[in-house]
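Okay, so here's the structure we're looking at.
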Amino acid sequence: MSSVPSGEVAAGPRVSRPLAAAALALLLALQPVCTDVMVPALPVAARELGAPMAAAQLAMAAMILGFGLAQLVWGPLADCVGRRPVLLAGLALFAAASVGGALAPGIGALIAWRALQGAAMAAAIVVARAIIRDLYEPREGAQVMALAQSGLGLIAIVSPALGGLAVGWGGWRAALALMAAIGLAALAFIAHKLPETLATRDPRAAAPGPLLAAWRDIGRHPVFVAWALLNACSYGGLFVILSGSSFVYMNRFGLSAGAAGLTVASGSLAFLAGTVFCRRRIAARGMADAVGRGAFFTLAGGAGSVAAAFAGVESIWPWLVAQWLFSFGHGVHQPCGQAGAVGPFPRHAGAASALSGFVLALGSFAIGAWLGAVQGADVRPYALTLGVLAAATATLAWTLVRRLPPPGRP
């Protein structure tokens with residue numbers, strides 16, 4: 001018998017959609033807060049700490065690596081002891097690590113605190129995805145996740161500006177202090193508003209034997225594979241945009257750092273529009289149809305970037321339109337991918353969420369390393385990487401996802 005049952009479980013407490021969406025948006029928003037708020041602080045931190053920029057960039061890479069690895073711990077632990085204890089511990093640790101980073105005496109300490117910050121943030125992200133499965137069947141869960149992603153999109157729009165204001169007011173340490181304040185606010189909200197959503201705890205969920213068996217069964221489940229890969233490929237393309245497009249805008253078109261940041265942030269508006277489209281398509285036709293439609297935008301964005309790079313286009317507008325198209329598609333794929341990957345596993349939603357998140361983070365780390373090695377004055381590596389990931393996302397949406405039963409069915 002499989003160690004990952006896909007049948008129904010006892011219903012958890014009733015949580016209203018607005019409360020669930022608000023809690024999820026707040027938890028998921030820690031990711032753009034942790035990345036976007038720090039971007040304007042890194043050059044200042046490098047200068048004040050007397051470190052090369054490459055060492056300062058390790059602070060971002062360490063955060064991503066800690067985020068990816070820690071999900072494999074937090075997810076099973078949330079199945080074992082419940083969602084609230086893991087959330088409260090993770091948010092408290094996030095705030096403490098942010099304070100530690102703000103007080104770091106050197107670049108080595110800052111890198112270490114950022115790694116711990118990423119590990120703590122993983123608790124919020126992995127449990128947020130598991131909560132969706134606790135409360136809803138996959139189709140309804142994807143709609144609620146899309147609603148939460150709309151809130152996330154709004155926060156992603158303002159995060160770079162908040163980071164810039166904090167750095168201008170109090171230096172790079174103020175950016176980390178701001179993250180600590182946001183972490184404490186999230187901790188207070190969850191502690192007072194969100195009940196435990198896991199109806200039945202599994203005391204053996206974190207034991208090595210059952211955990212390895214669960215991961216083996218989850219990793220071989222075709223529904224998990226399809227939705228987790230879709231989510232990872234789509235996010236990988238977004239990561240290319242977030243980490244590489246500013247070089248295109250600044251090096252090729254001569255934009256200032258502030259203007260380049262605004263062009264990157266403009267993609268959050270397209271992402272927000274994609275989440276609205278996603279909710280409507282799911283309600284009308286289901287998740288597979290939504291990502292199938294979204295894939296057209298994704299592929300258009302990737303192809304547009306490749307065309308602009310190889311045609312030598314001197315206008316910034318084709319690049320911007322391609323970024324917006326891809327971001328719109330991601331606004332469809334991310335809510336569906338996150339809900340779909342955990343859909344077949346109501347009893348092991350934490351483990352499934354952790355494994356899906358680990359795949360996503362590991363892929364993003366590899367993409368970041370690849371871009372760091374190949375990106376320079378030539379914009380073609382950036383465009384080709386985005387184009388390949390866009391094609392992979394569309395192929396998954398039009399093949400594997402469509403051929404499988406909806407997530408949640410045995």
Side-chain angles (χ1 to χ4, degrees), residues 2-5 27-28 30-31 34-35 60-94 97 112-134 197-198 201-221 223-233 235-236 239 334 337-369:
S2 170
S3 64
V4 187
L27 294 172
L28 296 172
L30 288 184
Q31 192 166 358
C34 202
T35 53
M60 192 70 78
M63 184 274 296
I64 294 172
L65 191 59
F67 171 67
L69 293 174
Q71 292 186 67
L72 298 177
V73 177
W74 292 120
L77 192 60
D79 288 335
C80 180
V81 302
R83 313 306 188 205
R84 270 178 63 86
V86 170
L87 267 182
L88 297 178
L91 291 171
L93 184 61
F94 179 85
W113 283 115
R114 283 286 284 171
L116 184 60
Q117 196 181 35
M121 178 183 68
I125 305 301
V126 75
V127 172
R129 293 193 295 254
I131 285 174
I132 279 290
R133 189 61 185 95
D134 292 342
T197 61
L198 181 62
R201 295 171 177 82
D202 182 357
R204 302 182 68 237
L211 178 57
L212 290 175
W215 278 341
R216 180 196 65 214
D217 290 348
I218 291 168
R220 295 191 303 190
H221 199 294
V223 174
F224 172 84
V225 170
W227 288 105
L229 286 179
L230 176 83
N231 193 35
C233 288
Y235 184 82
F239 190 79
Q334 187 169 8
Q338 290 182 348
V342 301
F345 315 107
R347 294 184 184 274
H348 294 270
S353 173
L355 193 58
S356 173
F358 175 73
V359 170
L360 182 149
L362 190 64
S364 298
F365 183 79
I367 290 167

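- Between Asp217 atom CG and His348 atom NE2 the span is 8.5 Å, to the nearest 0.5 Å.
- Pairing each heavy atom of Val342 with each of Ala349, the nearest pair is CG1-O, 3.9 Å.
- Taking the side chain to side chain donor-acceptor pair (under 3.5 Å) definition, one finds that Gln117 meets it with Ser98, Arg114, sequence neighbours left out.
- Side-chain contact check for Trp227 versus Val223: some heavy-atom pair is nearer than 4.5 Å.
- In this structure a side-chain-to-backbone donor-acceptor pair under 3.5 Å is present from Trp74 to Ala119.
- Among residues at least two apart or in separate chains, there is no salt bridge (Lys or Arg N to Asp or Glu O under 4.0 Å) pair with a member in residues 352-366.
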Got a list of side-chain donor-acceptor pairs under 3.5 Å for residues 354-369, not counting sequence neighbours?
{"unit_1": "Ser364", "atom_1": "OG", "unit_2": "Leu360", "atom_2": "O", "d": "3.0"}

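- In this structure, the separation between CG on Leu87 and CD1 on Ile131 is 5.0 Å, given to the nearest 0.5 Å.
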Check residues 120-130 and write down every donor-acceptor pair under 3.5 Å in which the side-chain atom is one partner and the other belongs to a residue at least two apart or another chain.
{"unit_1": "Arg129", "atom_1": "NE", "unit_2": "Ser353", "atom_2": "OG", "d": "3.0"}
{"unit_1": "Arg129", "atom_1": "NH2", "unit_2": "Gln71", "atom_2": "OE1", "d": "2.7"}
{"unit_1": "Arg129", "atom_1": "NH2", "unit_2": "Ser353", "atom_2": "O", "d": "2.9"}

- Does the side-chain contact (heavy atoms from CB on, under 4.5 Å) test come out yes or no for Ile64 and Thr35, once each step is laid out? CA-CA 9 Å; Ile64 294 172; Thr35 53; 5.6 Å; no
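- Take Asp79 and apply the side chain to side chain donor-acceptor pair (under 3.5 Å) test, not counting sequence neighbours, and it matches Arg83.
- When every heavy atom of Val225 is checked against every heavy atom of Gly219, the shortest pair comes out as CG2-O, 3.3 Å.
- Considering only residues two or more places apart in sequence or on other chains, Arg201 meets the side chain to side chain donor-acceptor pair (under 3.5 Å) condition with none of them.
- Checked against salt bridge (charged side-chain N to carboxylate O under 4.0 Å, His left out), Arg204 has no partners two or more places apart in sequence or in another chain.
- Partners of Ala115 under the side-chain contact (heavy atoms from CB on, under 4.5 Å) rule, at least two apart in sequence or in another chain, are Ala62.
- Of all the heavy atoms in Phe94 and Cys34, the pair that sits closest is CE1-SG, 4.0 Å.
- Of all heavy-atom pairs spanning Gln31 and Tyr235, the tightest one is NE2-OH, 3.2 Å.
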